[in-house]
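Just below is one structure, and these are the notes that go with it.
Side-chain atoms are counted along with the backbone in the values below, which use heavy atoms only and exclude waters and symmetry mates. Keep in mind it's a predicted model, so treat the numbers as computed, not measured.
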Amino acid sequence: MQNPDNAAMTRRPRRRLRLKPTLWTIVGLLGFCIIVLGVSAVVAKMSVDALMSDAKALVADIDDADATAAHVDDMRSSARNAHIATAHPIWRASEVLPFVGDDLRAVRLLAGAADPLIADVAAPLLEFDLSSIGPNDGALNVDAVAQLGKTIEQVAPVAERTNIRLIAEGIDVDGLLPPLREPVKQVSNGLGTLADAMRRLAILSPQLPTMLGANEPRDYLVLVQNTAEMRTLGGNPGNMLMLTLDEGRMSITQEGNRFNIPTGLNEPIAPLNSATEALYTDRVGKFFQDTTMTPDFAQTAHLARAFWSSGLGDPGDAVLAIDPVALSYIMKATGPVQLPSGETLKSENVVDELLSKVYSRFPGGTAQSAQQQDAFFSAAAAGIFENVTSAKGGIAALVPQLAKAFDEGRVLYAPTDATEAEATRGTRFGGPLPKQNNSKNTLLGVFVNDNTEGKLDYYTSMSVDVASDVCQAEGDATFTSRATYNYNLKPEQVAGLPQYVSTGRHFPKGVKSTNLVFYGPAGSTFISAKLDGEDFVPQAGTNDLGRQAVLINFESQPTTSHTVEVTFSAPADQKYGPLGVRTTPMIKDVPVTIDSPGCG
């Protein structure tokens, strides 16, 4: 009879022998998976790097059809490779791993979104021959614009579906590893912006030929804002032009200024929003030069149309506002303009010519010199606009410059057509602060209005710092905007200032009076204000555009700075989107910093 202990001893080695192949199989599978995952990660990164490189090269070569086509093919291939590299079962299975699983999932989802976006949205748009739009022989090709509109209508649903799918997947950006957080956030936000832009353009596309005067002439009332005398939206709109588009051909058909448009009325030309009147007084409706004090461009447009009608008749189909800095961007695409008076305006000198030198050229305080100034300003703006339809670089060179001006709030648009209004509603075309809650964006505002009656803002600059505990507060959140306003005129320059730059009528020559208007986020409440570190009571305050707003006035001597700090609070039970600040587009860029601890 066999001893049980001996039997056990003989069985154990056999079990170990059977376990060895299984163990090595598991180890081999794990090694294989790690290798595949590593290779996939390398391929994905290389593909993304190639995609970004081609995207940057594409921007530089956008006016070269052959180079654009090559870049598009490469981008399509890179996006596809990144998708394939991250879509296989091993990658998906690795998403359950601790620490890196969420990051792997985020990369897969973004790669999966990039594939259709490049192949079915970007490629058809970029493959469209923008040169077919022109301009040719002084006109844009209306039929080519209509064809571009049809392409937009086809691709817009793809961008919308991709964005919705990515939102539904729910990427937790805050849970990602630090190196991935910001890129993932930027891509996600960028996709949302793209989808929204495509949706709006798809709505607008059937209207595009009409906007170019395909069937009958289309008139646009243009407010040319003078940023040497600041207003909330950019500047004093002392000159108005009627821009007419007829079968893609652009021309200035009428000009308006203080000499043919009634201004300085005893009563507002049209009823004012009560909040507008509380903050900016009824001057907004009495002087057409003050219609841009409000951040609500729809109200500005309504008033501008009324002023134009009172003096010159039909105010056209839409109102457009633009400033000399935006005109300088446009001139980078259109080239120089020769004025009837002999001067040559270029992108590099147009801002100085329009906002400073013109007052030295026509320095007197007489009606004649004022007419000469207005004529110079109008001739410059008219020449630049008319040059658009003879731009050597074509529409491909013009679009990036217009996009830059739009991003800076230097191009505003208020149509009368319902389709156009729907397509532009809630965008920066309507002004810096849309009427909305804080869920998408938590926006604050800091706006400049000159109170001197002069053109001294040519010598100013500003920076804005914002601090908020919105991501850490247990109770109501606070939002503090701190504006540093610099008056850079030198004391020795005061004596030589032309009369129209510093009139000395309300303040001593060279002294500047400024109104800064601060807006809190939607649903906010004013808490406190300080001027140069001392507690300060605002001169005006109300609720405007669903936000608390206060006005603070101060005077500046040459070569001085003032710091104004305003704090608002808002309820903790709201949903807050990314924090942002909108400012008046000044001659010089307004640097903005945002400190919101815990927001990522």
Side-chain angles (χ1 to χ4, degrees), residues 232-233 272-281 284 293-299 409 426 428 430-449 462-485 514-554 562-584 590 592-599:
T232 291
L233 293 177
L272 296 176
N273 181 303
S274 60
T276 296
E277 191 166 346
L279 280 171
Y280 306 101
T281 78
V284 177
M293 281 184 171
T294 169
D296 181 5
F297 186 61
Q299 185 175 192
R428 292 201 72 171
L433 293 177
K435 297 178 182 178
Q436 63 180 34
N437 56 33
N438 299 310
S439 60
K440 186 176 182 180
N441 291 293
T442 304
L443 294 176
L444 290 78
V446 181
F447 304 120
V448 186
N449 285 277
M462 185 175 71
S463 61
V464 176
D465 301 301
V466 169
S468 175
D469 60 359
V470 63
C471 294
Q472 294 182 331
E474 296 182 1
D476 290 352
T478 60
F479 302 84
T480 299
S481 298
R482 186 173 184 265
T484 301
Y485 184 86
T514 303
N515 292 332
L516 286 189
V517 186
F518 290 75
Y519 282 73
S524 59
T525 301
F526 168 71
I527 298 298
S528 63
K530 291 183 178 182
L531 175 60
D532 296 328
E534 300 292 331
D535 290 342
F536 190 85
V537 178
Q539 282 87 352
T542 190
N543 191 284
D544 188 24
L545 300 175
R547 310 159 183 275
Q548 194 75 31
V550 295
L551 179 149
I552 293 177
N553 170 264
F554 55 88
H562 290 288
T563 300
V564 184
E565 183 178 293
V566 178
T567 299
F568 301 91
S569 69
D573 57 359
Q574 289 191 36
K575 179 181 178 182
Y576 292 95
L579 187 59
V581 185
R582 296 282 170 83
T583 67
T584 294
V590 179
V592 171
T593 61
I594 296 176
D595 182 20
S596 51
C599 290

Exercise. Report the residue from L579, V470, N441, L444 that forms a side chain to side chain contact (heavy atoms under 4.5 Å, CB included) with P521.
Key: L444

Quiz item: Are any of the side-chain heavy atoms of V466 and D595 separated by less than 4.5 Å?
Solution: no

Quiz item: Does a donor on one side chain sit under 3.5 Å from an acceptor on the other, for T478 and D469?
Solution: yes

Quiz prompt | side chain to side chain contact (heavy atoms under 4.5 Å, CB included) partner of E565, the single match among L531, D465, T480 | solution = T480

Self-check item: From OH (Y519) to CZ (F568), nearest 0.5 Å
Solution: 10.0 Å

Practice problem: Report yes or no: do N437 and S439 form a side-chain donor-acceptor pair below 3.5 Å? | Solution: yes

Quiz item: With side chains defined as the heavy atoms from C-beta onward, is the minimum distance between Y485 and V448 less than 4.5 Å?
Solution: yes

Quiz item: Between S569 and D476, is any side-chain donor less than 3.5 angstrom from a side-chain acceptor?
Solution: no

Quiz item: Side-chain contact, heavy-atom cut-off 4.5 Å: V446 with M462?
Solution: yes

Exercise. Classify the side-chain pair Q299/T276 by whether it contains a donor and acceptor separated by less than 3.5 Å.
Key: yes

Quiz item: Does a side-chain heavy-atom distance below 4.5 Å link R482 with K530?
Solution: no

Quiz item: Say you draw a straight line from CG of D532 to NE2 of H562; how long is it, rounded to the nearest 0.5 Å?
Solution: 5.5 Å

Quiz item: So which of L233, L433, T294, L551 actually passes side chain to side chain contact (heavy atoms under 4.5 Å, CB included) with F447?
Solution: L433

Quiz item: Taking atom CD1 of I527 and atom CD of Q548, what is their separation to the nearest 0.5 Å?
Solution: 9.0 Å

Quiz prompt | Point-to-point distance, once rounded to the nearest 0.5 Å, from CZ of F479 to CD1 of I594 | solution = 11.0 Å

Quiz prompt | Value rounded to 0.5 Å, distance of CG in N553 from CG in N515 | solution = 4.5 Å

Quiz item: Just by distance, with hydrogens left out, do N438 and Q574 show a side-chain donor and acceptor under 3.5 Å apart?
Solution: yes

Quiz item: If you look at every heavy atom in T583 and V592, which pair is closest and at what distance?
Solution: CG2-CG2, 4.4 Å

Self-check item: M293 to N449 - nearest heavy-atom pair and separation
Solution: CG-OD1, 3.2 Å

